[in-house]
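Encoded as structure tokens, the structure appears first; notes follow it.
For clarity, every value in this text was computed on a predicted model and none was experimentally measured. Numbers here simply count residues along the sequence, with the first being 1.
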Amino acid sequence: MSWLPVRAFLDVGANMEAAAGPAQQQKIDDLLKLLQDPDIRRWLTTQPAPASSPQSTAVPPAGGLASWEASTRAHINEIISAVPSVPSELLSASLRVRQDAVAHGFAPVFLIFAGLVALGLAAEWLYRKARSSDEGLPARLAPICVFALGIAIVFFAVEWPPLARLVLLAYLTGFVVFRFCSALIGIAVSQSSLRLRGRILVAVLSFAVASAALARPLGVAEPVADATSICFSIIALAVATEAIWTSWQRSINSKAALTLLLAVVWCLWAFGLKTLFWLGLYIVALPVLLSGIGRPVESMVRSDASEVRRVLIVRGARALVIAAAAGWLAIVWQLNPEGLGHGNPAVTAIFYGLLKSVLILLLADLVWQLAKNWIDRKLAASSNTSALAPADAARQARFRTLLPILRNALAVAVIVMAGLIILSEFGVQIGPLIAGAGIFGVALGFGSQTLVKDIISGVFYMFDDAFRVGEYIQAKNYKGTVEGFSLRSVRLRHHRGPVFTVPFGELGAVENMSRDWVIDKFRVSVGFDTDVEKARKLTKQIGADLKQDPELGPLFIEPLKLKGVEEFSDYGMVLSFGMMTVPGMQTYIRRKAYLKIREAFKENGIEFAQPTVNVGGDDRGSSAAGHASLLAQKAKASVAEAEGNT
């Protein structure tokens with residue numbers, strides 16, 4: 001290391017000798033001889049090396065937050081210093097475009113632009129004149145497509161000058177995009193003031209993007225182009241803020257929060273955090289866009305379209321918007337390798353995992369919405385069974401029983417599958433999770449035998465079609481109308497109001513009182529001298545009258561009939577009556593039949609049997625016994641009548 005200074009001086013001398021002219025050759029020779037002197041060499045080797053300056057030893061920041069901070073600070077300084085030269089640079093660029101167009105024999109670019117726009121508007125006017133309706137999204141977008149097509153035909157048919165071609169392409173594209181967005185805003189936004197400000201914002205953004213795309217082809221310096229973009233972004237931020245505070249019908253806190261969020265998004269873009277900027281922009285714009293896209297998309301669906309098609313179109317359109325946003329975030333991340341966090345593999349893996357998770361959730365939501373819509377439509381169709389045949393009504397009742405269980409099971413399956421796929425996208429090994437879930441299920445089965453018994457019993461009750469929603473059943477001490485199910489229990493509503501939640505394993509044998517038909521029998525006691533044939537004819541007439549009743553007739557399967565004399569009691573004959581009705585309506589019909597039988601028998605001289613006691617002699621004991629017997633018979637008759645009414 002001690003010879004390094006000498007070698008450096010020798011190398012410098014040799015280079016000077018090679019580069020010097022004849023006048024300096026003698027001086028160079030003298031210097032070389034002096035450096036070859038042993039004493040001089042010894043002195044040079046003993047001298048310490050010069051201390052390095054702090055600037056020469058400073059290590060430039062290597063990646064990460066420090067590198068981003070340094071580059072961002074330098075970028076901001078460049079933009080600030082370039083602001084004064086923005087007008088002159090833009091004027092120079094416009095002059096270059098004008099000279100390029102004039103040199104090739106064309107008019108100035110703004111005149112060409114105005115002519116192409118006028119030509120497109122003429123084609124649009126002709127198209128509108130040929131059509132009669134402008135309702136719906138396709139009818140509103142079709143004239144704009146004709147406008148764009150007319151401009152495109154003329155643009156590509158003419159050989160424009162190089163710079164003029166780029167300028168025309170950029171600004172014509174921006175103008176067409178503005179018109180499309182303006183039409184969508186007109187359909188999605190109902191408030192006129194907010195619609196106007198939305199169109200102004202889209203116009204500013206379209207012009208700014210077109211100008212930014214032309215900066216490099218027109219030779220505008222990059223700091224000047226960035227400064228111009230900053231100016232346009234400030235104008236767009238001002239328009240959005242003014243729209244929030246003057247046209248957005250929300251509370252002051254909501255307006256302040258949204259304004260602050262827009263300011264944060266603008267700062268992210270100004271500081272070069274493009275991925276975070278787009279993410280923040282989507283957080284602000286996607287809720288509004290998704291809520292507004294429903295109206296124009298639904299206008300494209302015909303009124304007679306099926307619900308599945310409607311769900312596919314509406315949900316599919318929203319899913320496409322979110323998927324496009326996720327894809328654009330991935331492109332921005334890929335094209336911005338110097339951004340904050342790009343050098344960290346963990347951050348990159350989390351970012352791409354989140355984007356893939358969004359797509360998985362969109363697909364899961366679409367599948368769930370399609371299945372849920374189908375199940376809801378089936379449930380709604382099965383709720384009205386008044387005009388159906390008994391077999392079809394039973395089938396619809398079975399649908400009402402099984403479809404809610406299927407919907408819950410499908411929801412659990414979709415959530416579990418989507419969750420496992422998302423975990424796998426984040427690098428989690430889901431194989432051990434599935435194996436662990438299986439082991440946990442086996443352990444749960446051994447440890448919760450009652451729960452497993454309830455679930456399995458419920459499954460077989462459903463397979464056997466033992467009962468359905470809306471049917472009246474009785475099992476052990478529980479009875480009531482079936483209101484709903486869970487995985488392990490059934491909910492019964494008693495006719496007096498209480499609700500029983502009974503595990504399937506506790507039901508046992510089920511008595512279903514609402515299936516197919518029911519035979520209702522009741523008895524009436526008449527006197528021993530009653531003409532049974534006359535009573536039979538009267539009963540037959542009563543059955544015919546009930547059958548012809550518009551309210552009671554559809555409830556009969558077989559009319560009311562007199563079966564005959566059931567028995568002889570102590571006080572008269574007991575007549576037996578019977579009828580077959582639809583399930584659940586027999587009590588209501590029986591009450592109507594009681595009234596008609598009473599009126600018919602009374603009008604035709606048929607007396608109902610009454611308990612009587614004959615008391616003879618002057619024996620007070622026997623009189624008291626007869627009186628007690630009469631009271632007992634009356635009490636017995638009252639109890640029997642009460643039981644018959646229930």
| Minimum heavy-atom distance between Pro161 and Asp100, given as atom pair plus value | CB-OD2, 3.0 Å
| field | Residue pairs passing the ring-ring contact (aromatic ring centres under 6.0 Å, His included) test where at least one lies in residues 179-238, sequence neighbours excluded | value | Tyr171-Phe207, Phe207-Phe232
| message | Any heavy-atom pair between the side chains of Asp376 and Arg407 that's under 4.5 Å? | response | yes
| request: Could you grab the distance from atom CG of Leu201 to atom CZ of Phe178, nearest 0.5 Å is fine? | output: 11.0 Å
| query | Is there any ring-ring contact (aromatic ring centres under 6.0 Å, His included) pair reaching into residues 86-106, and which pairs are they, with sequence neighbours excluded? | reply | Phe106-Trp160
| note | So CD1 of Ile80 and CG of Asp226: to nearest 0.5 Å the spacing works out to 12.5 Å
| message | Return the CG to CD1 distance between Leu237 and Ile230, rounded to the nearest 0.5 Å. | response | 11.0 Å
| request: Would you indicate whether Glu222, at its atom CD, is surrounded by more than 12 heavy atoms from other residues, nucleotides or ligands within a distance under 6.0 Å? | output: no
| Can Thr246 and Glu242 be counted as having a side-chain donor-acceptor contact under 3.5 angstrom? | yes
| Closest non-hydrogen atom pair between Ala164 and Val109, with its separation | CB-CG2, 3.9 Å
| request: Might you confirm whether atom CG of Leu95 has over 12 heavy atoms from other residues, nucleotides or ligands at distances under 6.0 Å? | output: yes
| Can you tell me how far CD1 of Ile244 sits from CG of Leu194, rounded to the nearest 0.5 angstrom? | 9.5 Å
| message | Working note: Ser251 + Ser254, criterion side chain to side chain donor-acceptor pair (under 3.5 Å); need CA distance, chi angles, decisive distance, verdict. | response | CA-CA 5 Å; Ser251 63; Ser254 300; 3.0 Å; yes
| query | What are the two closest heavy atoms between Ile422 and Ser357, and how far apart are they? | reply | CG2-OG, 3.3 Å
| Measuring from Leu359:CG to Leu363:CG, what's the distance to the nearest 0.5 Å? | 9.0 Å
| Quick one: does Val264's side chain get under 4.5 Å of Cys267's, heavy atoms only? | no
| field | Note, Ile252 side chain near Trp245 side chain (heavy atom, < 4.5 Å) | value | yes
| Between Ile144 and Ala183, which heavy-atom pair has the shortest distance, and what is it? | CD1-CB, 3.7 Å
| message | Measuring only between side-chain heavy atoms, which start at C-beta, is Leu172 closer than 4.5 Å to Val117? | response | yes
| field | Where Leu262 and Ala240 come nearest, the two heavy atoms and their spacing | value | CD1-CB, 4.0 Å
| message | Please give me the minimum heavy-atom distance between Tyr127 and Ala142, naming the atom from each residue. | response | OH-CB, 3.4 Å
| query | In Å and rounded to the nearest 0.5 Å, what is the CZ to CD1 distance from Arg165 to Ile112? | reply | 12.0 Å
| message | By the side-chain hydrogen bond (donor to acceptor under 3.5 Å, both in side chains) test, which pairs, at least two apart or in different chains, include something from residues 174-187? | response | Glu124-Arg179, Ser182-Arg199
| request: Give a yes or no answer on whether the side chain of Arg96 reaches the backbone of Leu218 with a donor-acceptor pair at less than 3.5 Å. | output: yes
